[in-house]
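Structure, as structure tokens:
Excluded from the calculations below are hydrogen atoms, water molecules and symmetry mates; all remaining heavy atoms, backbone and side chain alike, are included. Computed from a predicted structure; not experimentally measured. We name chains A, B, ... by the order of the sequence lines, and we start the count at 1 in each one.
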2 protein chains.
Amino acid sequence: MKYSQATDYALHAMLYLVAETPDKPVSVQLLAEKLGVSQTYLSKMLTKLVKAGLIHSVSGANGGYKLKRNQDDISFLDVIQAIEGTTSLFECSFHHDSACLIQQVVADAEQQMMQTLKSKKIADLVAHIPKQPHERLT
Amino acid sequence: MKYSQATDYALHAMLYLVAETPDKPVSVQLLAEKLGVSQTYLSKMLTKLVKAGLIHSVSGANGGYKLKRNQDDISFLDVIQAIEGTTSLFECSFHHDSACLIQQVVADAEQQMMQTLKSKKIADLVAHIPKQPHERLT
DNA sequence: TCATTCACAGACTTATCGTATCTATAATAT
DNA sequence: ATATTATAGATACGATAAGTCTGTGAATGA
Ligand code: SF4
Ligand code: SF4
């Protein structure tokens with residue numbers, strides 16, 4: 001059970017967007033180059049981020065992506081949920097008259113994690129971005 | 001991103017084991033019947049629980065499974081990790097000289113969840129077990 | 001001792017989902 | 001108009017989850 005690699009890409013892309021100039025859009029071509037991933041694939045994730053209202057897209061020449069909200073407003077949770085969705089980690093596959101307590105327990109725990117992820121903002125790591133392009137491990 | 005259905009089965013099986021008599025082993029046949037799942041498939045998960053040291057298996061006639069440790073000692077986290085494994089939720093697929101902060105943030109959050117799951121014991125829900133066999137939703 | 005009952009292991013099939021590519025279309029700047 | 005860029009859809013591939021089948025070996029009890 002793991003977050004998808006797409007989430008990894010999205011988080012890194014957001015990191016670059018936060019670090020870049022606040023106004024001028026950044027093309028997917030540049031981002032893909034920095035991350036060492038194909039443009040078409042990365043654009044899928046960026047589109048999800050757009051639909052989640054985190055970033056804004058500009059079509060046409062000199063277009064690209066830029067932040068939509070205030071950068072201090074964008075949390076890890078926002079990005080992760082934009083990619084992974086918001087369905088809860090555990091859903092009981094049974095049913096009967098009373099409510100499901102196992103599900104309740106796991107949901108509580110997941111809430112703890114979400115709380116933390118919500119408090120951490122992407123902008124918190126902005127100083128951390130490496131100068132060189134990323135190198136893939138796998 | 002979801003826990004596997006196997007985790008669902010395992011949690012419910014543990015619930016039954018905790019509720020049953022403390023000493024006499026329960027056969028996989030009975031458990032499978034209660035949960036409405038095939039014996040061979042359920043036994044895979046029970047074997048994982050055995051290897052994780054949570055339950056004990058007794059071969060031969062009148063055999064089955066019974067708890068190994070003190071029942072108050074078995075947490076949700078124990079069961080979940082026995083099935084899902086212990087690899088962390090997020091692993092950065094890149095590398096460079098400095099340490100990975102994104103990974104750190106997510107790991108911290110995951111730790112929060114694990115903390116909660118560790119504090120919740122299976123035995124806490126023992127009064128909750130339904131009399132009737134489970135009915136599958138999907 | 002012998003047959004029965006059980007857990008256990010491995011091979012195997014199938015379905016589902018993540019990963020990735022390709023292509024076509026629509027929007028915009030020059 | 002043309003080049004540039006995002007967006008959508010179709011498609012292919014691989015990995016993992018879900019589930020079945022079969023055989024093996026251990027304990028029981030008759
Ligand atoms: S978790 Fe509890 S409520 Fe949900 S199906 Fe199992 S026993 Fe019923
Ligand atoms: S250290 Fe930070 S920037 Fe570098 S790969 Fe890990 S998450 Fe990405």
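In this structure, His56(B) places its NE2 atom 10 Å from P of dA27(D), rounding to the nearest Å. For Leu49(B) and dC8(C), the CG to P distance is 11 Å, given to the nearest whole Å. The nearest whole Å value for the distance from the CE atom in Met1(A) to the P atom in dG18(C) is 13 Å. Atoms CE (Met45(B)) and P (dA17(D)) sit 12 Å apart, rounded to a whole Å. One can place CG of Leu42(A) at 13 Å from P of dT19(C), the figure rounded to the nearest angstrom. Between the CG atom of Leu31(B) and the P atom of dC8(C) there is a distance of 13 Å, rounded to whole Å. Atom OH of Tyr41(A) and atom C1' of dA10(D) are 16 Å apart (whole Å).
Lys48(A) comes within contact range of no nucleotide atom at all, as no heavy-atom separation falls under 4.0 Å.
Close to dA18(D), at under 4.0 Å from its OP1 or OP2, lies no side-chain N or O of Lys2(B). For dT20(D), one of the phosphate oxygens OP1 or OP2 lies less than 4.0 angstrom from a side-chain nitrogen or oxygen of Ser38(B). Contact between the side-chain N/O atoms of Ser4(B) and the OP1/OP2 oxygens of dA18(D) is found at a separation under 4.0 Å.
Residue order along DNA chain D, read from the 5' end via each residue's closest nucleotide, puts Leu46(A) first among Leu46(A) and Tyr3(B).
Using a distance-only test at 3.5 Å, with no hydrogens or angles considered, no donor-acceptor pair links the side chain of Asp108(A) to the main chain of Val105(A). Side-chain atoms of Asp8(A) do not come within 3.5 Å of backbone N or O of Cys92(B) as any donor-acceptor pair.
Looking at heavy atoms from C-beta onward, Phe94(A) lies in side-chain contact with Tyr9(B) at the 4.5 angstrom threshold. Side-chain contact between Pro25(B) and Glu20(B) is absent, with no heavy-atom pair separated by less than 4.5 Å.
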(request) With side-chain hydrogen bond (donor to acceptor under 3.5 Å, both in side chains) as the test, would you mind laying out the steps for Gln81(A) and Thr86(A) before giving the verdict? (result) CA-CA 6 Å; Gln81(A) 285 192 333; Thr86(A) 57; 5.9 Å; no
Using nucleotides 5-7 of chain C, report all nitrogen or oxygen pairs with the protein that are shorter than 3.5 Å.
| residue | atom | partner | partner atom | Å |
| --- | --- | --- | --- | --- |
| dT5(C) | O2 | Ala61(B) | N | 3.3 |
| dA7(C) | OP1 | Val28(B) | N | 3.0 |
| dA7(C) | O3' | Ser57(B) | OG | 3.3 |

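In summary, the side chains of Glu110(B) and Ser88(B) do not present any donor paired with an acceptor at a separation below 3.5 Å, with no hydrogens or angles considered.
Between the side chain of Lys44(B) and the base of dG10(C), at least one donor-acceptor pair of N or O atoms lies under 3.5 Å.
Atom NZ of Lys120(B) is separated from atom CG of Leu77(B) by 13.5 Å, given to the nearest 0.5 angstrom.
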